Novice: 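The structure under discussion is supplied below as structure tokens; questions concerning it will follow.
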There are 2 protein chains.
Amino acid sequence: MAPMPPSDELPGSAAHVLELVASGSATSRADLVRELGLAASTVSTRVQELVDAGLLTESGEGASRGGRRPRLLRVVAQGAVALAADLGSHHIRTGAVGLTGAPFDIDEYTFDLTAGPEPALDVLAERLTALAERQHAAGRTVRGVGVGFPGPVDTDGGRIIAPSRMPGWHLYELRDRLADRLGLPVLLDNDANVLALGEQRAAHPTLRHLVVVKAGRGIGSGVISGGRLYRGAGGSAGDISHVRVDAAAERPCSCGNIGCLETVASGAAIAAALRGRGIAADSTTDILRLVENGEPHATTLVRQAGRDIGAVLAVVVNFFNPEAVILGGALSGAEPLVAAVRGVLYERCLPMATRELTIDAATCGPDAGLLGAGHAALREPAPADGLRSRAAGRT
Amino acid sequence: MAPMPPSDELPGSAAHVLELVASGSATSRADLVRELGLAASTVSTRVQELVDAGLLTESGEGASRGGRRPRLLRVVAQGAVALAADLGSHHIRTGAVGLTGAPFDIDEYTFDLTAGPEPALDVLAERLTALAERQHAAGRTVRGVGVGFPGPVDTDGGRIIAPSRMPGWHLYELRDRLADRLGLPVLLDNDANVLALGEQRAAHPTLRHLVVVKAGRGIGSGVISGGRLYRGAGGSAGDISHVRVDAAAERPCSCGNIGCLETVASGAAIAAALRGRGIAADSTTDILRLVENGEPHATTLVRQAGRDIGAVLAVVVNFFNPEAVILGGALSGAEPLVAAVRGVLYERCLPMATRELTIDAATCGPDAGLLGAGHAALREPAPADGLRSRAAGRT
DNA sequence: ATCACTTACTTCGGCGATCGAAGTAAGTGT
DNA sequence: ACACTTACTTCGATCGCCGAAGTAAGTGAT
């Protein structure tokens with residue numbers, strides 16, 4: 001049950017201790033001893049370091065378990081935060097993420113990313129600078145920025161790769177451009193990946209293998225394997241959108257192929273289909289509203305989208321055998337979609353693969369992406385001055 | 001390029017050093033220093049330990065690279081071996097596997113596994129005992145046994161789980177039964193998994209993410225992620241056989257569902273289809289022979305099987321983004337199948353996923369399974385007396 | 001109230017893996 | 001023959017972690 005250490009570190013690293021305390025898995029040194037499996041003396045020294053560094057505090061005493069009362073530990077709320085930005089094709093959402101709790105100081109603006117990278121960079125830099133200033137004013141240190149982008153990302157290079165329907169973005173070095181503008185380290189990743197990280201950290205910290213689907217205007221998925229984000233050989237793992245499905249027949253897709261899942265089951269496709277029937281629908285919000293109002297065409301289309309997504313996920317579930325499939329993104333708010341995915345998975349997958357499989361809608365709502373991006377950014381650079389990472393303990 | 005350590009160990013473990021020397025990645029202490037990234041002094045001590053333990057020897061000197069000649073290292077061939085058994089639904093293949101090189105002392109018998117576990121155990125125990133005795137006579141120490149089974153396996157429990165078409169095997173504790181009979185530690189795994197391990201170790205030691213398909217009488221796949229075998233949450237990862245494909249329409253499958261890939265693309269299904277057209281075909285060998293002789297129905301069926309397998313693999317490749325897809329098993333000897341898989345993958349997958357993707361037939365032939373099973377068994381128990389594993393270095 | 005027991009945490013000495021520096025050994029190239 | 005390179009060993013020093021023992025502060029039965 002003990003959550004694994006974040007990133008590549010050995011158990012017992014400073015970041016790992018912080019993670020356990022922040023997530024509430026451990027509230028005292030004794031708890032940490034139990035969770036980490038390290039000697040009490042080792043934990044004591046590690047905690048002392050973190051207290052000295054100003055990242056942890058003692059705050060009162062807890063309930064006795066038959067002996068001396070434990071001295072409770074808390075992460076210093078005033079401590080470090082990361083800024084987070086979740087980019088959609090038609091909106092930008094920003095917020096601040098601390099070591100503990102939900103994102104805060106959240107803002108959302110409509111913005112058309114397809115207009116090209118430069119205007120987007122300007123808006124992002126401007127909004128994030130303002131956010132950073134508010135954090136400073138509140139006495140918090142801003143340690144970095146995490147950004148989720150709705151398209152393929154070269155995470156190592158910090159740039160966008162050939163996003164469909166977003167001319168001008170190919171090979172755009174968003175990470176370094178933004179870092180230059182803000183004077184802060186920036187971490188850039190795919191939106192489905194940061195969503196997966198957020199859902200895992202916040203809602204399912206104990207699960208080690210899960211698939212988080214982002215069903216919104218487009219369809220993507222983030223894969224967590226062995227408790228870590230899985231990117232695959234070329235960094236493009238998790239695509240389920242450009243898979244041929246029967247229902248899509250010969251429809252041309254933005255990827256250049258035909259019959260892709262995206263052409264029938266994405267929010268964009270559903271909205272287009274609705275418009276084709278004379279029903280006004282543009283965004284995923286419109287679709288959700290129509291479904292909630294019981295509009296029959298909308299409900300049918302969303303349910304069929306769920307079946308199509310389920311058909312693809314059935315292959316993924318048999319192959320990958322995850323502990324959970326989490327449905328996120330705007331469309332996951334539509335009950336018929338979730339129900340359809342569930343039905344298809346239970347019908348088509350091997351019993352061995354579904355016996356202990358959880359299939360659920362995401363619980364973190366629209367902030368999961370922010371949380372994941374922020375958490376990732378918060379852990380990326382050196383944890384704090386004077387605290388070396390214990391992963392590469394060379395002298 | 002440095003191969004990762006086997007199993008869960010830190011770089012620089014005794015087993016890791018042995019692996020590097022055995023695979024030819026390192027031939028001297030200086031090589032090891034470069035591969036492991038450890039200090040020269042550390043490598044020296046580690047090598048000395050292995051020499052003292054009788055697992056490594058110095059054998060002459062290598063070519064100078066502009067300074068003193070390196071002292072070449074070799075694994076002691078007379079050292080330890082593991083026995084390996086690769087079970088098929090209608091055959092058993094056994095052999096011995098050393099730290100280096102190909103399996104040897106190989107035997108294959110036809111045997112009907114569907115007749116139930118007890119007779120199979122008898123035959124296995126008898127043949128492996130004889131094999132072990134031959135190894136002892138040759139002065140080699142037998143350290144363990146690796147077994148690949150053609151069906152779902154609970155690797156932790158060492159038993160078979162609900163194999164289709166193999167009555168009596170459900171929950172059979174093959175590992176412990178065999179271990180009792182032989183007096184040796186036994187490692188039991190799925191046949192596709194040991195095939196994947198064998199192919200990776202022997203042919204693609206540098207690849208970290210690959211999918212190895214076993215296309216024989218049935219269809220299975222072994223997944224290697226991050227250089228390690230991936231089993232998924234319930235241990236059933238890698239199934240691609242029970243996925244619905246168009247071509248299979250309403251055909252009932254042994255898994256209880258309809259339209260599974262297995263009902264059209266497995267060796268068993270192809271043989272049945274041939275018999276339905278009045279062509280005598282029983283085993284995968286028969287199919288291969290027919291294809292090589294240019295029998296049009298056989299070729300068509302095999303090619304179509306390749307397309308169907310490719311359609312499923314396309315989803316897997318987009319999702320998992322491996323570095324390579326390796327086609328193994330008897331049917332991979334049929335060129336049309338390999339060609340069809342290639343064609344479908346390149347046509348259907350995202351360019352990002354196929355740009356650096358290798359799609360090849362397995363190179364290790366029928367011995368890959370033995371090699372994987374043997375290698376796994378060889379590394380499973382304590383490496384050798386007096387050599388503690390450096391992974392769990394508690395005092 | 002007191003005594004045995006439990007839990008929580010700290011202090012301290014020690015072990016083992018690894019490092020870097022320095023030293024030895026044995027080459028190559030001019 | 002001289003400087004330079006590579007290969008390897010020897011020798012403290014360091015660092016993380018451990019376990020034992022000690023301190024602190026509770027609970028619960030007599």
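Lettering of chains follows the sequences in order, A, B, ..., and the numbering in each one begins at 1. The shown structure was predicted, so the numbers you read here are calculated from the model rather than taken from an experiment. Reckoned from all heavy atoms, side chains included, excluding hydrogens, waters and symmetry mates.
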Novice: Mind calculating the distance between CD (A:Glu61) and P (C:dC9) to the nearest angstrom?
Specialist: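 Answer to the nearest Å: 9 Å.
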Novice: Of the nucleotides C:dC19, D:dC18, C:dA17, which one has an atom closest to the side chain of A:Thr42?
Specialist: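 Of all the options, the side chain of A:Thr42 is nearest to D:dC18.
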Novice: Does any N or O donor sit under 3.5 Å from an N or O acceptor when you compare the side chain of A:Ser41 with the base of D:dG19?
Specialist: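 It does, because a donor-acceptor pair links the side chain of A:Ser41 to the base of D:dG19 below 3.5 Å.
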Novice: Tell me yes or no: between the side chains of A:Ser23 and A:Ser25, is some donor less than 3.5 Å from an acceptor?
Specialist: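 A pair is found: one side chain offers a donor N or O, the other an acceptor, under 3.5 Å apart.
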Novice: Rounded to the Å, how far apart are B:Glu58 CD and C:dA25 C1'?
Specialist: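 Spelled out: CD on B:Glu58 to C1' on C:dA25 is 13 Å.
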Novice: Work out which heavy atom in A:Phe320 is nearest to a heavy atom in A:Val223; give both atom names and the distance.
Specialist: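 Heavy-atom minimum between the residues: CZ-CG1, 3.4 Å.
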Novice: Starting at the 5' end of DNA chain C and moving along, which residue's nearest nucleotide shows up first, B:Gly66 or A:Arg71?
Specialist: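 The answer here is A:Arg71.
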Novice: Hey, is the main chain of B:Ser225 close enough, under 3.5 Å, to the side chain of B:His209 for a donor-acceptor pair?
Specialist: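 Not confirmed, B:His209 side chain does not pair with B:Ser225 backbone.
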Novice: Within this structure, what is the CZ-to-P distance between A:Arg34 and C:dT7, rounded to whole angstrom?
Specialist: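 Between P of C:dT7 and CZ of A:Arg34: 9 Å.
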Novice: For the residue pair B:Gly62 and B:Arg69, what are the closest heavy atoms and their distance?
Specialist: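 Closest approach of B:Gly62 to B:Arg69, heavy atoms only: O-CD, 3.0 Å.
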Novice: Could you state the atom-to-atom distance from CG of A:Leu73 to P of C:dA8 in whole Å?
Specialist: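 Interatomic distance, CG of A:Leu73 to P of C:dA8: 12 Å.
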Novice: So does B:Arg69 get a side-chain nitrogen or oxygen closer than 4.0 Å to the phosphate oxygens (OP1/OP2) of C:dG27?
Specialist: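 Checking C:dG27 against B:Arg69, a side-chain N or O does come within under 4.0 Å of OP1 or OP2.
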Novice: Determine the contact category for B:Ser64: base if any of its heavy atoms lies under 4.0 Å from a base atom, sugar-phosphate if only primed atoms, P, OP1 or OP2 are that close, otherwise nothing.
Specialist: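 Sugar-phosphate, backbone atoms only, no base.
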Novice: B:Leu32 has an atom CG; how far is it from atom P of C:dT18, in whole Å?
Specialist: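 My rounded result for the distance is 13 Å.
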Novice: Starting from P on D:dA25, measure out to CZ on A:Arg68 and report it in whole angstrom.
Specialist: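 Those two atoms, CZ and P, are 6 Å apart.
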Novice: Would one find a side-chain N or O of B:Arg29 under 4.0 angstrom from OP1 or OP2 of C:dA25?
Specialist: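 So the side-chain polar atoms of B:Arg29 never come under 4.0 Å of the phosphate oxygens OP1 or OP2 of C:dA25.
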Novice: Could you give the CD-to-C1' distance, from B:Gln48 to D:dT10, as a whole number of Å?
Specialist: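 Those two atoms, CD and C1', are 13 Å apart.
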Novice: Taking A:Arg175 for the side chain and A:Asp156 for the main chain, is one N or O donor matched with an acceptor at less than 3.5 Å?
Specialist: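 Present.
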Novice: Give the rounded distance in Å between these two atoms: CZ of A:Arg65 and P of C:dC9.
Specialist: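 Distance, rounded to whole Å: 10 Å.
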